[in-house]
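Take this structure first; my questions come after.
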Amino acid sequence: MEYFLKNFLQGYAEKKGLRMHMPGHKGRCDNPELNAAYQWDITEIAGADSLFEAEGILRQGEKQTAEIYQTPACCWSAGGSTLCIQAMLTQMKAENRVVIAARTVHRAFLNSCVLLDLHVKWIFPRTGGVIAGKYDPADFEKALQETKDPACVYVTSPDYAGNLQDIRALAEICRKYGARLLVDNAHGAHLAFLRENLHPIALGADYCCDSAHKTLSALTGGAFLHMRDPERVQDMKRHMQLFGSTSPNYLILESLEACTGWLWEHGEEIRKCEENIEKLRKRLEGKYQLQGKDPMHLTIAANGILLADALRKFSIECEYADKTCLVLLLSPMMTEQEFAELEMILLACEAKPAEEIPALPPPMKQEYGIREAALSDYEVIALAQAEGRICAPVQVSCPPAVPIAVSGERFTKEWLQLMAFYDLRQAAVMKNR
Ligand SMILES: Cc1ncc(COP(=O)(O)O)c(C=O)c1O
């Protein structure tokens with residue numbers, strides 16, 4: 001592993017030259033704690049390469065990321081998995097593929113559908129709810145059988161609660177029908193480094209995005225877009241350029257190189273971390289019901305809101321909590337001491353039972369395209385008044401930013417009840433429809 005970007009940025013900072021280029025802060029700021037970082041915040045000067053046309057130090061860095069992940073190719077993103085999802089879906093649009101998607105999707109997917117005017121055939125989970133659940137690959141196969149046109153399948157795995165879908169089975173099905181498999185692996189950047197390599201590309205996916213900032217060490221906004229076909233790199237860069245800033249942040253890019261370096265030098269520590277987590281889970285299982293198979297998601301089936309409050313008293317802040325669960329996001333960056341502390345405090349806390357997630361009602365009818373409804377003139381009304389109206393922009397809180405109703409669907413009483421269960425009080429509906 002070579003640190004091309006770090007060496008370049010360090011060398012440039014040490015030169016202390018006159019920066020007659022952007023950014024306007026000229027490599028310094030008044031806050032002493034940020035000053036060091038500002039020195040490394042540059043733009044596309046000579047030698048620094050250019051992310052969307054990378055052929056210098058950034059491209060070399062991307063190749064090292066692909067190598068450590070054992071994927072055929074990788075592009076860096078300073079716009080998170082969001083930008084990677086936009087790029088993957090743009091490619092599907094360019095190939096005129098029908099999109100078949102597991103309903104557990106992040107808002108980034110729906111926003112891409114608005115931007116690209118995509119229509120989606122939804123597959124619903126067999127167990128769990130919309131926010132997190134388990135899917136049956138046979139449902140995707142049936143959808144592919146019914147689809148005459150070229151298609152792609154899009155799934156989120158791991159989901160917010162750490163459920164892993166059967167990517168291997170889905171990949172086999174997709175191959176059989178000539179479909180592409182796209183995986184939102186935003187929560188699974190670590191999966192390639194577990195005892196068993198569970199990274200989506202290793203399991204047969206065509207494309208996947210990994211947020212290197214969620215379970216690994218990159219700065220917020222840093223992500224990897226992996227692909228099976230290295231010939232697609234230029235296409236992905238072209239698509240990312242459509243939506244991303246023309247000034248990708250070099251600190252984020254540097255953190256992607258640093259994260260890659262950590263994986264080269266310490267990647268095996270993830271397996272040690274996996275063992276620590278297994279031990280932690282075993283000890284907690286006597287007290288709590290745990291969900292999900294991904295090691296980095298410690299998901300407790302309990303009234304998460306109350307448990308989150310209890311943990312806050314010990315200065316522990318969770319990733320996500322609702323009436324059905326609490327999600328604690330672990331990471332290989334955690335120290336043994338932090339694991340021990342977490343265990344001690346969780347064992348000391350008392351949890352109230354989870355409320356049961358209502359069964360999923362029959363799907364709502366998609367009356368308008370996602371784009372048309374999301375961009376329509378709309379009004380925000382109480383849920384109680386929304387039955388029979390059409391969902392306009394989605395109402396979704398972050399985290400987990402997984403919408404329950406989708407733009408263009410006609411609200412039914414049962415789905416409004418489901419939204420109320422997740423404490424949504426209002427809906428944005430198309431005006432006069
Ligand atoms: C499942 C999922 N997909 C995609 C995203 C978007 O990722 P990013 O924040 O890296 O753009 C998120 C963000 O939370 C997510 O949870």
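Ligands are counted one by one from 1 in listed order, and the atoms in each one are counted from 1 as well.
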**Q.** Under 3.5 Å: N/O of Y160 near N/O of ligand 1
**A.** no
Q.
Between T156 and T104, do the side chains contain a donor N or O and an acceptor N or O under 3.5 Å apart?
A. no
Q) Which atoms from ligand 1 have a heavy atom of H213 less than 4.0 Å away? A) 8 (P), 9 (O), 10 (O)
Q | Numbering as shown, the atoms of ligand 1 that approach S211 to under 4.0 Å (heavy-atom distance) | A | 7 (O), 8 (P), 10 (O)
Q: Tell me yes or no: between the side chains of E257 and Y3, is some donor less than 3.5 Å from an acceptor?
A: no
Q. Does F109 come within less than 4.0 Å of ligand 1, judged by its heavy atoms?
A. no
Q. Should we count CD of E231 as having more than 12 external heavy atoms under 6.0 Å?
A. no
(Q) Is a donor from one side chain sitting under 3.5 angstrom from an acceptor on the other, for E44 and Y250? (A) no
Q: With heavy atoms only and a cut-off of under 4.0 Å, state how T82 meets ligand 1: side chain, backbone, both or neither.
A: both
Q: Kindly confirm or rule out an N or O of K214 lying under 3.5 angstrom from an N or O of ligand 1.
A: yes
Q: List every atom of ligand 1 that sits less than 4.0 Å from any heavy atom of T156, numbering the atoms from 1 in the order shown and giving each element.
A: 1 (C)
**Q.** Side-chain ion pair, R195 and E278, N-O less than 4.0 Å
**A.** yes
Q | Among Q91, Q234, Q86, the one residue meeting side chain to side chain donor-acceptor pair (under 3.5 Å) with H239 | A | Q91
